[in-house]
Amino acid sequence: MTAYDVEPGDSVHPGDPVTVDRYTTGARANHWITATCLVLLALTGLALFSPWLYFITAMFGGGQTTRAIHPWIGVVLFFSFAGLFIRFWRANLWKAEDGTWLARLRDVLTGHEERLPEVGKYNAGQKAVFWLMSILIIVLISSGLVMWDQYFYGYTTIEQKRLAVLIHSMAAIIIICVWIVHVYAAIWVRGTIGAMTRGQVTGGWAWRHHRKWLRELVGGKRS
Ligand code: HEM
């Protein structure tokens, strides 16, 4: 039996081998540009954060180049993430089932998905990561602009810059942790990486992890 794509109006049985479209090429390109920016920002940022990590600057052509490119990569990340935000914010709105899902985190971690409520395109964990990333990126860009002396030296005081350095570093550490959780979850839930590489998931994956989304995709559009 060959796999087939689910089209609006098709009836789907859990036993059928199906593939389901999850991300367009544009969304995937947008995602990987954002991801590349965050990795580069983490590396250049850590290099500037501590003398112990200064050796990383060698990867970017030295200390001055690292210092010069770090804020610009931040600007690219900001606009790139804004693209992701526009695409996905609606699917990340909090729903009644998300509270129940979160309360049963033990079942999530022990693989008892039959005890969980049916979830839409994203589960509560993914939604939490999405909103945390959104808030942290706003904090990072705002505090970054305050200390971007090359262009905004005269606009802020030394005290404001000092506070900005502290906030920027704390937000950076938190977003690196959130990013690790995001990547770990993407690898841990088998079949998820394919969503962002090929743009598709198997029907089994959608049925098991995002059943409400699959039902909406198949049945909702018909009605
Ligand atoms: C570099 C390592 C990364 C990997 C391997 C990765 C992997 C993935 C995968 C597999 C998905 C699809 C999840 C699904 O459809 O259920 C996804 C979604 C997503 N990723 Fe990443 N990602 C990475 C980095 C990032 C970064 C750095 C950001 C943002 C700063 C980001 C933001 C998102 C967003 C917003 C979604 C959509 C999920 C949602 O809206 O809740 N990712 N990622």
Side-chain angles (χ1 to χ4, degrees), residues 6 18-46 70-95 97-98 101-102 108 111 113 116-144 168 171-217:
V6 176
V18 287
T19 55
V20 186
D21 291 338
R22 192 151 165 93
Y23 294 108
T24 60
T25 310
R28 281 178 281 144
N30 193 167
H31 173 269
W32 291 119
I33 290 169
T34 314
T36 307
C37 285
L38 194 99
V39 172
L40 292 175
L41 279 166
L43 285 172
T44 52
L46 286 169
H70 178 82
W72 281 111
I73 305 171
V75 171
V76 176
L77 175 114
F78 176 74
F79 285 108
S80 181
F81 188 84
L84 289 182
F85 187 88
I86 291 164
R87 288 172 198 277
F88 301 138
W89 71 271
R90 202 178 287 275
N92 282 285
L93 290 177
W94 203 257
K95 298 270 167 59
E97 67 265 19
D98 294 323
W101 190 94
L102 214 51
V108 175
E113 280 178 88
L116 301 171
E118 292 189 0
V119 292
K121 187 162 185 184
Y122 300 117
N123 61 43
Q126 291 175 299
K127 290 181 183 182
V129 164
F130 177 84
W131 291 109
L132 272 171
M133 279 177 172
S134 308
I135 293 165
L136 289 164
I137 286 169
I138 290 170
V139 172
L140 283 163
I141 190 87
S142 326
S143 52
H168 197 77
I173 290 166
I174 301 171
I175 204 167
I176 290 172
C177 295
V178 173
W179 172 66
I180 291 170
V181 170
H182 176 66
V183 175
Y184 183 80
I187 296 168
W188 183 58
V189 180
R190 227 166 28 159
T192 308
I193 295 287
M196 251 326 152
T197 50
R198 292 187 306 275
Q200 291 183 325
V201 289
T202 64
W205 182 96
W207 179 259
R208 186 164 174 196
H209 305 297
H210 299 276
R211 197 168 301 174
K212 198 172 153 198
W213 171 67
L214 182 64
R215 285 190 202 283
E216 281 161 7
L217 206 69

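Counting convention: from 1, in listed order, for ligands and their atoms alike.
- The atoms of ligand 1 that sit less than 4.0 Å from any heavy atom of R22 are 14 (C), 15 (O), 16 (O).
- Within the listing of ligand 1, atoms 10 (C), 13 (C), 14 (C), 16 (O) sit less than 4.0 angstrom from a heavy atom of T192.
- Ligand 1 lies less than 4.0 angstrom from a heavy atom belonging to W32.
- Here CG of N123 is found 9.0 Å from CD of E113. Values are rounded to the nearest 0.5 Å.
- Of all the atoms in ligand 1, the ones that sit under 4.0 Å from a non-hydrogen atom of L38 are 27 (C).
- Here F85 and F78 keep their ring centres 6.0 angstrom or further from each other.
- Within the structure, the closest approach of Q126 to ligand 1 falls below 4.0 Å when heavy atoms are considered.
- A distance of 6.0 Å separates CD1 of I174 from CG of L136, quoted to the nearest 0.5 Å.
- Applying the 4.0 Å criterion to heavy atoms of T34 picks out, from ligand 1, the atoms 29 (C), 30 (C).
- The closest approach between W131 and ligand 1 stays at or above 4.0 Å for every heavy atom of the residue.
- A cation-pi arrangement, defined by a distance under 6.0 Å to the six-membered ring centre and an angle within 45 degrees of its axis, is present between R22 and W213.
- When only interatomic distances are considered, the shortest N/O to N/O separation between N92 and ligand 1 falls below 3.5 Å.
- Between F88 and the choices Y23, F130, W131, the ring-ring contact (aromatic ring centres under 6.0 Å, His included) rule is met once, by Y23.
- For ligand 1 and F88, the ligand atoms under 4.0 Å from any heavy atom of the residue are 37 (C), 40 (O).
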